[in-house]
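Here's the structure, in structure tokens; my notes come after.
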Amino acid sequence: MDLVERMLAGDRVALAKLMSRAENEAPDLAAILARIAPHGGRSYVIGITGPPGAGKSTLVDRLVGTLRGRGATVGVIAVDPSSPFSGGAVLGDRIRMQTHCLDPEVFIRSLSTRGRRGGLARATRQIARLLDAFGKDTILIETVGVGQTELDIMEVAQTVVVVLVPEAGDTIQVMKAGLLEIAHVLVVNKADREGALRMKAELEQMLQLRPTTSWSVPVLLTEATRDRGIDELAAAIDAHRRHVTTDGAARRATAEHRVREFLDVLGATLAGRIEARIDGAFAPLVARVRAGAQDPYAAALEVLGDREGLRRLVDGSG
Ligand SMILES: Nc1nc2c(ncn2[C@@H]2O[C@H](COP(=O)(O)OP(=O)(O)O)[C@@H](O)[C@H]2O)c(=O)[nH]1
Ligand SMILES: [Mg+2]
């Protein structure tokens, strides 16, 4: 049996190896994902984002508990900005989620952002697809909500939960980071702290200023460490999930995401094949560009004008 067959048969080691291939942008990834596609399409993806330290990992751990209580199998992807080698937050996430580390129905994967130029959202999506084909009912993706990359990652999720804490200035940060725009459920965690109610009111006011849509974003109070508000959060996620399956706009957005995924994987695969030629078939041309003997644009046009070369490039041969 090859890796894909082993993964589909329920082998966790094979699953982890395929995830590493996605993380390392292996050239055969499109072929792997095409093979597993018929086995997927069943899992529901929930994104959890917000500032560092807001309690996302703790909430994920609690949500996993709720989902497991219902008998659902769960995959967790923790996208972490720190290095896996420095310990740091990845280790912290592991500890926060350790309740479920030994549960065979829960698969937790950390994905490091270090040393990556892009493609993080792509890798996250592919890892989610692997978990889906593996048979996980629900997939939780945790990411720090700080920049465009994180907003891109949250596109992978059907329901996005934005987690905030009652700290001065947090509301403004949320606005600036564009988090309010992507939230389907807003959570004020650490409700044991002062200002939680005020922040909830502030957020509700901000939401009212927006044009009305078919889904009204609820603002919930939670206290993840003491397991408070988790059932309400799970219920809000369920409600949004029901909404997504019936709402026309949400379905159109999902359809649009599928087209973007197609274009993205096509572009990424071609880019990979181009890069693989830098020291091979393109070497003489690259040397001329490097020396300034050929300008980059004319060089690109030369490649595009060579039909036979293009055919080999697209085939991934030669
Ligand atoms: N007081 C309080 N602390 C919390 C709560 N939820 C999480 N924490 C703590 O906040 C810290 C950061 O939590 P973590 O889940 O790692 O946050 P993340 O960075 O968003 O994943 C940890 O020390 C948690 O124990 C809460 O509801 N109340
Ligand atoms: Mg965390």
Side-chain angles (χ1 to χ4, degrees), residues 45-67 74-101 106-114 120-121 123-124 127-128 139-147 149-151 153-154 156-157 159-171 173-174 177-180 182-200 203 218-234 236-237:
V45 185
I46 301 163
I48 314 279
T49 190
K56 298 180 297 298
S57 298
T58 317
L59 272 174
V60 166
D61 181 77
R62 298 296 185 266
L63 278 175
V64 171
T66 304
L67 292 163
V74 185
V76 178
I77 308 171
V79 187
D80 207 287
S82 64
S83 158
F85 306 112
S86 69
V90 169
L91 190 64
D93 282 345
R94 290 247 163 212
I95 289 166
R96 232 90 70 203
M97 295 177 195
Q98 70 183 352
T99 333
H100 307 289
C101 270
V106 179
F107 194 100
I108 301 174
R109 174 74 179 207
S110 301
L111 191 55
S112 170
T113 61
R114 178 110 143 218
L120 194 63
T124 307
I127 288 174
I139 298 164
L140 298 168
I141 302 174
E142 174 191 337
T143 175
V144 179
V146 283
T149 307
E150 288 70 28
L151 297 183
I153 292 169
M154 283 297 112
V156 179
T159 298
V160 176
V161 179
V162 171
V163 185
L164 307 165
V165 276
E167 243 109 72
D170 224 32
T171 334
Q173 272 202 354
V174 173
L179 288 177
L180 204 65
I182 62 162
H184 301 119
V185 178
L186 275 174
V187 168
V188 179
N189 187 42
K190 307 198 183 182
D192 49 313
R193 294 207 181 151
E194 210 184 288
L197 275 173
R198 192 176 57 238
M199 185 172 197
K200 178 173 149 71
L203 289 167
V219 185
L220 307 172
L221 293 172
T222 60
E223 214 181 303
T225 36
R226 281 199 264 179
D227 222 354
R228 291 194 179 152
I230 307 302
D231 289 345
E232 289 79 355
L233 173 56
I237 293 169

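In this chain, residues are counted from 1 in sequence order. Side chains are part of it too, since the values below use all heavy atoms of this structure and drop only hydrogens, waters and symmetry mates. Both counts, for ligands and for their atoms, begin at 1 and track the order of listing.
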- Note on the structure: Note: P52 and V144 closest approach over all heavy atoms is CD-CG1, 3.6 Å
- Query: Is there a side-chain contact between R198 and P166 (heavy atoms, below 4.5 Å)?
  - Reply: no
- Heavy atom under 4.0 Å from ligand 1: found in N189's side chain, backbone, both, or neither? side chain
- Determine whether V161 and L63 make a side-chain contact, defined as any pair of heavy atoms from C-beta on separated by less than 4.5 Å. no
- Task: State whether the side chain of K56 and the backbone N or O of G50 hold a donor-acceptor pair below 3.5 Å, judged by distance alone.
- Result: yes
- Does V188 offer a backbone N or O that forms a donor-acceptor pair with the side chain of K200 under 3.5 Å? no
- Message: Suppose we only count N/O/S atoms under 2.8 Å; would T58 qualify as near the Mg ion (ligand 2)?
- Response: no
- Query: Between K190 and E167, does a salt bridge (charged side-chain N to carboxylate O under 4.0 Å, His left out) hold up when you go through it step by step?
  - Reply: CA-CA 10 Å; K190 307 198 183 182; E167 243 109 72; 6.0 Å; no
- Item | Close approach of E142 to ligand 1, heavy atoms, under 4.0 angstrom | yes
- Item | Under 4.0 Å to a heavy atom of D192 - the qualifying atoms of ligand 1, by number | 1 (N), 2 (C), 26 (C), 27 (O), 28 (N)
- Query: So which of the N, O or S atoms of E142 lies nearest the Mg ion (ligand 2)?
  - Reply: OE2
- Message: Please check: side-chain N/O of D192 versus main-chain N/O of E223, any donor-acceptor pairing under 3.5 Å?
- Response: no
- Query: When you look for heavy atoms under 4.0 Å from ligand 1, do you find them on the side chain of V163, its backbone, both, or neither?
  - Reply: neither
- Within 4.0 Å of some non-hydrogen atom of S57, the atoms of ligand 1 are 15 (O), 18 (P), 21 (O)
- Message: Taking distance alone, with N or O pairs closer than 3.5 Å, would you say A224 contacts ligand 1?
- Response: yes
- Note on the structure: Candidates G229, P52, G53; heavy atom nearest atom 12 (C) of ligand 1 found on G53
- Query: Going by the order shown, which atoms of ligand 1 are within less than 4.0 Å of some heavy atom of E223?
  - Reply: 27 (O)
